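This report refers to the structure that appears directly beneath it.
From a predicted model like this one, the values you see are computed outputs, not experimental measurements. Just the heavy atoms: all of them, side chains too, but no hydrogens, waters or symmetry mates, feed the values below. To find a chain, count down the sequence lines: A is the first, B the second, and so on, and within it residues start at 1.
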There are 2 protein chains.
Amino acid sequence: MAKSNAPITEHLAYLLAQANREINRQLELRLSKEGVPVEQWRILKVLSDGNGHSMGELADAVLLNHPTLTKMIDRMVSDTLVYRVQDPNDRRKVLMFISDRGKVLCKKLNSLAVDQEEHILESYGDKSTSELKRLLESLIDSSN
Amino acid sequence: MAKSNAPITEHLAYLLAQANREINRQLELRLSKEGVPVEQWRILKVLSDGNGHSMGELADAVLLNHPTLTKMIDRMVSDTLVYRVQDPNDRRKVLMFISDRGKVLCKKLNSLAVDQEEHILESYGDKSTSELKRLLESLIDSSN
DNA sequence: CTTCAATTCTTGAATATTCAATATTTTCCA
DNA sequence: TGGAAAATATTGAATATTCAAGAATTGAAG
């Protein structure tokens, strides 16, 4: 039986929040070299497969809700990193595509992100990292 | 060497964000029965040791930055869940304390949170959970 | 002792996020 | 077919968060 008076630091929800915050902060720091928030990097990365992705699909993939995504995409369209195309098969949908400028930026961001992953591998260890990834994936699976 | 064209779903930062989002969503759902956001539960839990905690200390512990915490505490003071006392030893500081009403609420929230942890233990497994916690703690450690 | 830098917390303006409502298109079924 | 219900995206108002500046106190160095 779980103890209700356990300190907050023993709760899984808290540990996840803390780890997420820390890793995200580090990543943010790297990406700020290009002046891009983490969410925009995620968007570019998802779109960089060259296929069109609907807003709903994107929102799921990048962990943002619809209105927030719409407004972020507005900014990225202004910056000509991505562009909208009406889906010809279902005109309720908008398909998002990455622009050439977006691709160039995405490459730079990818290498900044890889820097970070390598930094984690060094200080945290190869084995721990892959084990942690495995456990996180399985936690996410078991939550659906 | 990490691959820069790896899908976003393979990045540790993304897996952490996804897991955190999901677990937090579940916890939020439970706590909403008492109409309390997760951050307020954390605050109450930290203060429930009965000691006075300064705002800076609290902000660290509950993963909020100072201005956000100040405004959240303002609301909680209005709800008479916590109260401020000027630190007699250092009058720059404010010490936060939990009220009796806060303690009662905290107990209810604790049991809702324990419900969730038990639900996770069931679907995810005892072993995986403790192993994941261990790895997260060590990741957090290695990031400081 | 006094003055200047550092610490702690709060405030106000700028920014971002969220909720609810809206517009459009598609799906379904009677 | 016709029309109601569902799906998709956006908008606008309400709310929350953040950044930069400010006020108060302490520490520390000359």
* To do: List the steps, then state whether side chain to side chain donor-acceptor pair (under 3.5 Å) holds for A:Gln18 with A:Glu22.
  => CA-CA 6 Å; A:Gln18 199 180 358; A:Glu22 180 57 29; over 6 Å; no

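- Put simply, B:Arg84 has a side-chain N or O that comes within less than 4.0 Å of OP1 or OP2 on C:dT10.
- The salt bridge (charged side-chain N to carboxylate O under 4.0 Å, His left out) pairs that include a residue from residues 65-78 of chain A are A:Asp74-A:Arg84, where partners are two or more places apart or lie in different chains.
- Applying the ring pair (Phe, Tyr, Trp, His ring centres under 6.0 Å) test to every pair with at least one member in residues 63-109 of chain B, sequence neighbours left out, gives these pairs: B:Tyr83-B:Phe97.
- Contacts between residues 32-53 of chain A and DNA chain C, defined by a heavy-atom separation under 4.0 Å, are absent.
- Extent of DNA chain D lying under 4.0 Å from chain B heavy atoms, first and last nucleotide in 5' to 3' order, is D:dT17 to D:dT26.
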* **Letter per nucleotide, 5' to 3', of nucleotides 20-25 of chain C [B base touched, S only sugar-phosphate touched, - untouched; heavy atoms, 4.0 Å]** => B---BB

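- Comparing B:Glu57 and A:Pro88 along DNA chain C, the residue whose closest nucleotide (by nearest heavy atom) sits nearer the 5' end is B:Glu57.
- Shown here are the side chain to side chain contact (heavy atoms under 4.5 Å, CB included) partners of A:Thr68, two or more places apart in sequence or in another chain: A:Leu64, A:Asn65.
- Evaluation of the side chain to side chain contact (heavy atoms under 4.5 Å, CB included) rule for A:Ser32 yields no partner, not counting sequence neighbours.
- Atom CG in A:Leu63 sits 5.0 Å away from atom CZ in A:Arg42 (nearest 0.5 Å).
- Considering only residues two or more places apart in sequence or on other chains, B:Asn110 meets the side chain to side chain donor-acceptor pair (under 3.5 Å) condition with B:Trp41, B:Lys45.
- Residue pairs meeting the salt bridge (charged side-chain N to carboxylate O under 4.0 Å, His left out) criterion with at least one member in residues 128-144 of chain A, sequence neighbours excluded, are A:Glu117-A:Lys133, A:Glu131-A:Arg134.
- In this structure, the CG atom of B:Leu58 is 11 Å from the P atom of C:dT10, given to the nearest Å.
- For B:His66 and C:dT10, the NE2 to C1' distance is 11 Å, given to the nearest whole Å.
- For residues 107-144 of chain B, there are no ring pair (Phe, Tyr, Trp, His ring centres under 6.0 Å) pairs, not counting sequence neighbours.
- The residues A:Glu28 and A:Arg25 are annotated as not salt-bridged, no charged nitrogen and carboxylate oxygen being separated by less than 4.0 angstrom.
- Under the side chain to side chain contact (heavy atoms under 4.5 Å, CB included) rule, B:Leu27 has a single partner from B:Ile23, B:Leu31, B:Leu29, which is B:Leu31.
- Of the residues in residues 70-79 of chain A, those lying under 4.0 Å from DNA chain C by heavy-atom distance are A:Lys71, A:Arg75.
- To the nearest 0.5 Å, atoms NZ (A:Lys108) and NZ (A:Lys33) are separated by 9.0 Å.
- Among residues two or more places apart in sequence or in another chain, the side chain to side chain donor-acceptor pair (under 3.5 Å) test is passed with A:Asp79 by none.
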